[in-house]
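Below is one structure, written out as structure tokens; the observations come after it.
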Amino acid sequence: MLFVQIKSTTAYEKFKTFTPKEICDATKSTEVLVCLSSESREQVDEMIRKAVAAGGTTYNEPQDHGFMYGHGFADLDGHIWEIIYMEPSAINQG
């Protein structure tokens, strides 16, 4: 299970205390790309649907490589999240 803490804009000053570096504007720069695996292609589509319903946006079409399927979204702050499914047999082949 994964938990993600989403900070509001009012928490910006507090967030700045966690790092000595400048905090970038994720709508203009990519600071991180998070990729999570899912248990099925349907779960990938469901996660993207939920993200878009919550205000996120998609930035590309789903990618189907046969053995691997993925899609992504940008959250409200512009961070990129990729959700992928890989056929178990492909994983076992190395």
Side-chain angles (χ1 to χ4, degrees):
M1 180 161 289
L2 172 73
F3 293 94
V4 177
Q5 184 177 17
I6 307 296
K7 295 283 189 182
S8 68
T9 54
T10 57
Y12 179 77
E13 291 301 319
K14 177 67 176 172
F15 182 70
K16 286 183 4 181
T17 67
F18 294 125
T19 179
K21 297 179 180 179
E22 183 178 339
I23 299 170
C24 78
D25 180 347
T27 62
K28 297 177 181 166
S29 302
T30 300
E31 62 181 337
V32 66
L33 186 145
V34 179
C35 184
L36 305 173
S37 62
S38 66
E39 297 180 4
S40 68
R41 292 169 181 256
E42 295 79 18
Q43 190 178 48
V44 170
D45 293 337
E46 179 68 10
M47 290 281 292
I48 300 304
R49 186 194 66 72
K50 287 179 177 181
V52 170
T57 58
T58 58
Y59 56 87
N60 64 3
E61 296 297 316
Q63 303 294 307
D64 191 343
H65 301 283
F67 69 96
M68 185 173 67
Y69 177 77
H71 199 187
F73 68 93
D75 67 20
L76 298 175
D77 291 322
H79 300 104
I80 302 295
W81 295 78
E82 290 281 337
I83 313 297
I84 65 161
Y85 168 74
M86 186 176 291
E87 293 287 341
S89 59
I91 296 168
N92 294 333
Q93 292 178 5

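Side-chain atoms are counted along with the backbone in the values below, which use heavy atoms only and exclude waters and symmetry mates.
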Which atoms form the tightest heavy-atom contact between I83 and V44, and what is the distance? O-CG1, 3.7 Å
Where G66 and E87 come nearest, the two heavy atoms and their spacing: O-CG, 4.3 Å
Residue set satisfying side chain to side chain donor-acceptor pair (under 3.5 Å) with E82, at least two apart, ordered chain then number -> Y59
Among all residues two or more places apart in sequence or in another chain, which pass the side chain to side chain donor-acceptor pair (under 3.5 Å) test with D25? T27
Can you list everything that forms a side-chain contact (heavy atoms from CB on, under 4.5 Å) with [X]? Sequence neighbours excluded, please.
X	value
S40	E42, Q43
M68	H65, I84, M86
T19	K21, I23

Side-chain (D75) to main-chain (D77) donor-acceptor, under 3.5 angstrom: yes
Please determine whether residues F73 and I80 belong to a single hydrophobic cluster, defined as Ile, Leu, Val, Met, Phe, Trp and Tyr linked transitively by side-chain heavy-atom distances below 4.5 Å. no
Are V34 and L76 connected in a single hydrophobic cluster, I mean Ile/Leu/Val/Met/Phe/Trp/Tyr linked by side-chain heavy atoms less than 4.5 Å apart? no
Keeping to residues at least two apart or across chains, list the side-chain hydrogen bond (donor to acceptor under 3.5 Å, both in side chains) pairs with something in residues 45-57. D45-Y69, E46-R49
Provide the full list of salt bridge (Lys or Arg N to Asp or Glu O under 4.0 Å) pairs with a residue in residues 63-74, sequence neighbours left out, each pair given once. R41-D64
